[in-house]
Every structure is written in C-alpha cells, then in structure tokens.
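The structure under discussion appears below in the form of structure tokens.
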There are 4 protein chains.
Amino acid sequence: MTSPASPGIGHAPAPPIPAPGCKESQILNGAAEVFARDGYEGASMSRIAMQASVSKGTLYNYFASKADLFAAYVHRDCARWIALMFEDLDPATPPEEALHQVGRRMFAMLLSEPALVMYRMVVAEAQKFPELAQSFYREGPARAVGHLSRFIRRAAAGGLLSVADPDFAAEQFFALIQTQLSMRRRLHLIGMPSEAEIQHVVDGAVRLFMKSYGA
Amino acid sequence: MTSPASPGIGHAPAPPIPAPGCKESQILNGAAEVFARDGYEGASMSRIAMQASVSKGTLYNYFASKADLFAAYVHRDCARWIALMFEDLDPATPPEEALHQVGRRMFAMLLSEPALVMYRMVVAEAQKFPELAQSFYREGPARAVGHLSRFIRRAAAGGLLSVADPDFAAEQFFALIQTQLSMRRRLHLIGMPSEAEIQHVVDGAVRLFMKSYGA
Amino acid sequence: MTSPASPGIGHAPAPPIPAPGCKESQILNGAAEVFARDGYEGASMSRIAMQASVSKGTLYNYFASKADLFAAYVHRDCARWIALMFEDLDPATPPEEALHQVGRRMFAMLLSEPALVMYRMVVAEAQKFPELAQSFYREGPARAVGHLSRFIRRAAAGGLLSVADPDFAAEQFFALIQTQLSMRRRLHLIGMPSEAEIQHVVDGAVRLFMKSYGA
Amino acid sequence: MTSPASPGIGHAPAPPIPAPGCKESQILNGAAEVFARDGYEGASMSRIAMQASVSKGTLYNYFASKADLFAAYVHRDCARWIALMFEDLDPATPPEEALHQVGRRMFAMLLSEPALVMYRMVVAEAQKFPELAQSFYREGPARAVGHLSRFIRRAAAGGLLSVADPDFAAEQFFALIQTQLSMRRRLHLIGMPSEAEIQHVVDGAVRLFMKSYGA
DNA sequence: GATGAATGAGGGTTCATTCAT
DNA sequence: AATGAATGAACCCTCATTCAT
C-alpha cells in the first residue's frame, strides 16, 4: 500500500515514515534538531514545539509522549541514512577495490554528523530505551556487517578470498575502520576528518585485511 | 605530567583526588551511584545527597554546581580504573604473547560495567562537557594506545615485529578488539561476554595483526 | 415517548428532553457515562466525544460549554428516574400498607446506582452550579415529599391518620428511610443492601410513624 | 500531651495533628480554604500555595502529593469538629431532655459550614478516596450513633426507655434530625437555619421517638 | 562545617475551546 | 451539520540552588 510500485518485493517498512511536507514531519524535524543538540533528557517539549513552530498541544496530537516522539525520531532518521549506506556491492568487483569502496563509504557515514548524533543518543539512552537500541543495532551495524559478509562469502566461493568465517571477517574489517579517529570524533574532539585521513585509515584496513584473507 | 618519578617534589595532580574516607569522597561515592544509574540529566542533587547520606547544603559546600560534581566524579572514576589498565608490559615478552595478554585485558576492561557506564556518560554529554570528553580521551584511550605503541616500537627495534608506523598499528590492534561484540554490549543488548568469546575475538585480532606485522 | 401523544395539550417541558434516537441524545448518553464515572471536573470533553462516538466539534454544536452539557445531562437523567418514582399512590390503600410500599420504593431508588451518582455529583457541584442543585431538589426530593404529603393529608381527612402537619410528617417519614445504611452507601462503603435489610429499615420507619400518627 | 486529663485511656490520635502555628498548619489552612471553595479536583496546588503564602515547592516539602494534602486536610478538620460534638451525655439526664440537647447539638453541627464542606467533599470523592470515606464515617457519624446508642441502652436498663435495639433506635433518631432542611442546606439552597427552625425539627424528632420508645 | 526549609522556574502532560474544511 | 487539527493556558510535580540556623 505504501509502495505498490515494486512488485514482488514489498517488505513494507514497519513505522510508515511520514510524508516530508506534513505536520508530523515538521514536528520530527524540530525534534531532530533539539534532541541532537540537547539529548533526550535535556530536550524539552516546549523547545521542540518552538523549534517546530507548533504549539505544545499539537505535539501531543501526534505523539503520545516525549518517549514516543523520541522513538519516532530515531526510527525515521535511522531509516534515512541507513538507506544511503548500502546499495548492494557488485559481486564482480575485485575484493580489494570493493573493500576500498565500502570502507570509504562506511567511514564517511559513521562519522557524519547525523550518524554521530544518533549514535550518541542511542548509546546514552540504551538503558532507558532498550528496544530502541535493539532496532538501531539491527537496522544499522548488523545490516552493514551482513552486507559485507555476504560479499566476502561470495568472493571466497569464487576463490578470490580465503576466509573461513565470513561473518567474523566482516566484523574485523568493520572494526578496523573505527580507529581512534572515530573515537575522537564521537567525543566531539575533532571535526569531520579530511579525505586524506579517511584514505589513510581505509588503506591500512584493507592492507591488513588482504594480507590475511587474500587468496 | 603524570610522571611521579622525580623524587622529593610533590607537584600535586591537577584535580587532587580526595582521600577515600573524607566527606568529599563520600559525596563522590553517592554521586557515582546515582549518575551511573540515572545519567547526568536524570540524576538529581536530592537523590545524590540522600545516597551519600549528607544534606543537600553540604553538597554545595563541596561542589559549586551539579556540573562541577559531575566533572569531579568523572575525573575520579576515570583515574581509578585507568590506573588498573596498564602496568607496563614487559618488553621481553614475545610480541604474540604480549598482544594476547594486553588484548584480553583491554577487552575485559572496555566491557566492564564501570567502563561502560563511564563511556556512555561521556559520549552522551560530550557536547555539553567538551573538556570532560577531552580529559577522558587523554586519560583513557590515548594512554592505552600510547602504551601499546611504545611496546610495538621496542619490539620493532628488536626485530621482533615489522612495523613502519607503531602508533597506527597500535590503533589498529585496539580497533580489532572492538568488534560488534563491543557494540552490542555498549547498547546494552548483551551482558558480559564469556571467557571463550573474549578469547575468540582476541585470537582473531592477534592473528590478523601478526600476519601483517610479524617479523 | 415522554407523552407527545396527548392531543390538544402543549405544556412543553422547560428543557425539552431530546428524542431518544437523535444526535443530542447520543451525546448525552456518552456524557452520562463519563460524568458518572469521572465526576464533573474529572470528565473530559474528549472522552465524552469518544464515548458518544462524535467529534469534539459536534459536542460544541449542541452544547455551548462543558457546564452546559453537564446541566443538560443532570436535567435529563433526573427527569428520567424521578418519573419512575411516583406513579400516584392509590388513596384507597390502607396507610400502613401504602407506607410500606412507598418506603421500599424510595429506599431502593435512593440507593440505586444512578441516583447515587446523581446525588454525589449534584452535592459535589452545588456550589459551582446552584441552579442545578435547585432544580434537582425541586424535581427530586421535593416532589417525593409532595406526593407523600398529599397522600397523608387525604388519609387524615378520611380519619385513617392523625396528622396535624402532613408536610412535616412526610419529611419525617422520608428521613426515617435514610438511616446510616444510606450514609454508608453514599460513601461507597457498602454495595446495594439486601432485600431483608431494606425491609428491616422500612418496617422500623413505618412502626415509628404509625405509633405517632396512627389514627 | 494531647489529652493527659483522662488517665488510663490514652487512645492516641493516629495522624499527629500539627501544631497550630507551624508551616504545616499554615499550609493546611490555605488548603482548607481552597478545597472548601473549589473541591478536590477544582483546587489547584498553585492556588493553595498562594492562599497559604508559601511557594509551590514548599507544599511538596510537606505533602507528597495533592492527594496526600487532601487527606491530611480531611483528617485534621474532621478530628477538629468531631471532638466538639460529643462530650459524653450525663446518664442521669432524663431521656427526653437528653435527646433535645443532643438533637440540637447534632443539628447545629451537621449544618455548620465546615461540616457541610467536609461532607460534600467526602461524598464527592468517595470513589477516588475510599479510605478517606471510611475514616470519615468511622470518626464522624459512626461515633455519634455509638454515643447515642450507649446512652439509650443505659436508659433502657434503668427502665426509662423501652428499646429492644438501641443501635437501630439511635440511627432512627439521627435520621429524624436530617429532614429536608438538611438536604436543602447540603445543596446550598438555604443558609444556616434559624434557632426556631432547628427547635421545630428537633421537637418533632423527640416527639416521634418518645412516642415509640418512651417507657 | 553542616543542615534542610524555602524557593520559583521549568518539566511533561491534559484540557476546553475554536475554526477552516 | 459534522469534523478533527490546532491552540495555549493550566495542570501537578521536580529541580538546582540559596541561606538562616
């Protein structure tokens, strides 16, 4: 119903992301800004209402509570940039080149401002919103690893890589991308790294990976 | 700065960690409990006062504000368990064995409950308390990498490893430890991993590392 | 249904009770449920609208305000069960038997759930809605006493009772029905009394009454 | 301390009524005024704070919630005027005179402004505060009936009255006091009755009572 | 130094009411 | 005639902070 276009696939998104122009979307935009700036606890419904240019009452016409609004915001924004992450890799790409490509994309995505904000909030509130942490993990990191793992398995089957445990290997590659540079960025100690810095980290990761897992 | 070697001189550490028995310490203990449970915004001075068995007035005799108290708590507790992390590695240890040893220790420490709590809080409040994030990074991750880097450099000098950039190599090893298992633990999705799971991750990290950097 | 049948006579009731099927009636039914459950202040127009299956806007098309709606509800429901109270007593009935009969009916009616609810609400809001209390009194207790008083007067005229002040005597009988049992019921301390308990109270009332006022 | 006079009895009051001058008392005075005027739901903590000349925060330093404050108010004010009700009747008083005396006192008390207010509130909120209704009944009406019942029993034992069931007889007398005058007063339809009106009702009650139960 | 009563701004939430459709 | 989205004031309650004792 929400996407009759692509026949045969139809895995409908659970929370139907609101149309960009509508009031609900307007509220979520305001919420995104305030939550990102102040965190969950620090954000106030008053400020969100103000930022979204609606009355406080209207907030509650769309979302039953602050927690609900927060969940909706996380879901929408997760879905947004997760979608950008993985257009499937062409299996024909030589592994080394594919790793470079996906490595750079991952890196850039991980350290992008919206992803950072999301990561910070989900980590911070994981205790209070366990189901949010769960769905964040499932929709984000888990899917990324899954995609990479499938690529590795195919490459191994084709004799291009020599990997016994593709899942674990994918996790390792994913981990190698997140050096201290990521940590410092997450702690707001640095801004977005330059292209050269990214390249350096990714090169290092690919080199280590291929040395072990190259055919 | 941390080097207490120079004898006879008592250059006091910047934030003088309070004597364990005193009232200030008593307050910080209460604060630790409450901050860990409720987060910065969620914690209330009343609850902290109650937990520490002092009056609210006394809190303000020792700490000018909630933010101040929070900073003091982070500093003290960071210092506490960072200290446990790195008794210096014996340079005589064979690299592979040393990596296994330090890998296991890092892993266990990183995923321990107090470290998780601290990580979560610092990440969550990095925006509001930038200087806190800075000192957390300096006293924690940066020192860990520094230690490992020095060990690698020595081993390379001795011909036991073949590493061009010891700092970067150390970061890579550190990164390899933090697979999805860490991510899931940070998101409260799993409890403390078993000894076998730890061993598996560390083995994999050492294998990858040695394949590239082994002499 | 209230008797539009009688041809030729148009003594319209002051607040024209709405026809049972119409939208106004539908709203009042919803209001009755919610007011009874939540009281005047506790009731919300949203819940009433929901209960009545109409939109909030429609509520205001029929009633200018919450207070108006409340008044309409009280009027209609008072009228409803007051009507059931007194089909006129047959003057030929021997007084003692008539008193037993009317006593039991009064008692049962007074302690019935809808009457209790109404009593509670009118008492509670007597200050805020004085005209409501007035009309409640006039349509309820005053009419009950009036009926009984007329019966007593006729009986006295016929030599069956010896009563100087029929109004006062009727009030006394009415009062004797309302022992502590009524009080406890009004305070929600007990449920509906059993038939035996009712009989006991009514017997006692009739006995006392007849001892003084019997011919 | 509250009643050192009667030795050997000492039934201490459960909720220690606060000293008249203290802040708690000051708050309760403000609460009494506002609750009496606006009812439980209608009263706002802000108005109470204002009326009591304290800040809203202070209210919550003394009472955990609005419900708590309401309960404390009911308890204190019940206790206050219940105490005035029954200094024990002298058993030597002739029954008819005693009934006149207690009848007038009851009547006046029942229809006094504070008792009315209390009655209205307890009835109104009996559903939401059942334990309050219970303790109101126990401390008020039940005790009144108990006192009267004991007097009647003694008189019957002394041959001055002829009563088989003193409890029921006491209830009947109590009921006879509460004619429509009481009802009208409870509905705020009239002010305090005149001395003559009171006398009339009480005379009638005593007459009916003595006609049946006189020796 | 230690206390805890007092404060008042601000928190999330509900509500009666309005009005464009 | 009927709707329901939008409003903003008011609700109860919590909070960090102050200050007289």
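Heavy-atom basis, side chains included; hydrogens, waters and symmetry copies ignored. For clarity, every value in this text was computed on a predicted model and none was experimentally measured. Letters A, B, ... are given to chains in the order of the sequence lines, protein chains preceding strands, and every chain is numbered from 1.
- Every residue two or more places apart in sequence or in another chain was checked for a side chain to side chain contact (heavy atoms under 4.5 Å, CB included) with B/Pro130, and none qualifies.
- With hydrogens and angles left out, the side chain of B/Lys56 and the base of F/dT17 share a donor-acceptor pair within 3.5 Å.
- Nearest-nucleotide mapping onto DNA chain F: of C/Gly57 and D/Ala64, the residue sitting toward the 5' end is C/Gly57.
- No contact: D/Ala67 has no heavy atom under 4.0 Å from any strand.
- In this structure, CE of A/Met50 is placed 13 Å from P of F/dG8, rounded to the nearest angstrom.
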- Chi angles and distances behind the salt bridge (charged side-chain N to carboxylate O under 4.0 Å, His left out) call for B/Lys128, B/Glu41: CA-CA 11 Å; B/Lys128 190 178 272 182; B/Glu41 298 279 2; 2.4 Å; yes
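- A donor-acceptor pair under 3.5 Å is formed between the side chain of C/Gln127 and the backbone N or O of D/Ala36.
- Between B/Ser55 and E/dA2, a side-chain N or O to OP1/OP2 separation shorter than 4.0 Å is absent.
- Taking the six-membered ring for Trp and thresholds of 30 and 60 degrees, A/Phe70 and A/Tyr40 have ring planes inclined between 30 and 60 degrees apart.
- Residue B/Met50 holds its CE atom at 13.5 Å from CE of B/Met45, rounded to the nearest 0.5 Å.
- Distance CZ (A/Phe63) to P (E/dT14): 15 Å, rounded to an integer number of Å.
- Rounded to an integer number of Å, the gap from CD1 of B/Ile48 to C1' of F/dC15 is 12 Å.
- Between the CG atom of D/Leu59 and the P atom of F/dC15 there is a distance of 17 Å, rounded to whole Å.
- Nearer the 5' end of DNA chain E, as judged by each residue's closest nucleotide, is the contact made by B/Val54, out of C/Arg47 and B/Val54.
- Between C/Ile27 atom CD1 and F/dT3 atom C1' there is a gap of 12 Å when expressed in whole angstrom units.
- Partner assigned to F/dA6 is E/dT17, using Watson-Crick or G-U wobble distances below 3.5 angstrom.
- What separates CD of B/Gln26 from C1' of E/dT3 is a distance of 14 Å, to the nearest Å.
- With rounding to whole Å, D/Asp68 atom CG is found 14 Å from F/dC12 atom P.
- Proximity of D/Lys23 to the phosphate of E/dA6: a side-chain N or O atom is located under 4.0 Å from OP1 or OP2.
- Between C/Ser53 and A/Ser53, it is C/Ser53 whose nearest contact on DNA chain F lies nearer the 5' terminus.
- Between F/dA2 and C/Tyr60, no contact under 4.0 Å exists linking OP1 or OP2 to a side-chain N or O.
- Toward the 5' end of DNA chain E, the nearer of the two residues A/Ala43 and C/Ala43, judged by each one's closest nucleotide, is A/Ala43.
- In this structure, the side chain of B/Arg186 does not engage the main chain of A/Ala126 through any donor-acceptor pair within 3.5 Å.
- Checking the phosphate oxygens (OP1, OP2) of F/dA6, a side-chain nitrogen or oxygen of A/Tyr62 falls inside 4.0 Å.
- Look at D/Thr58 and you'll find a side-chain N or O under 4.0 angstrom from OP1 or OP2 of E/dT7.
- When the P atom of F/dA16 is taken as reference, atom CG of B/Asp38 falls 11 Å away, rounded to whole Å.
- Applying the 3.5 Å distance criterion, the base of F/dA1 shares no donor-acceptor pair with the side chain of C/Asn61.
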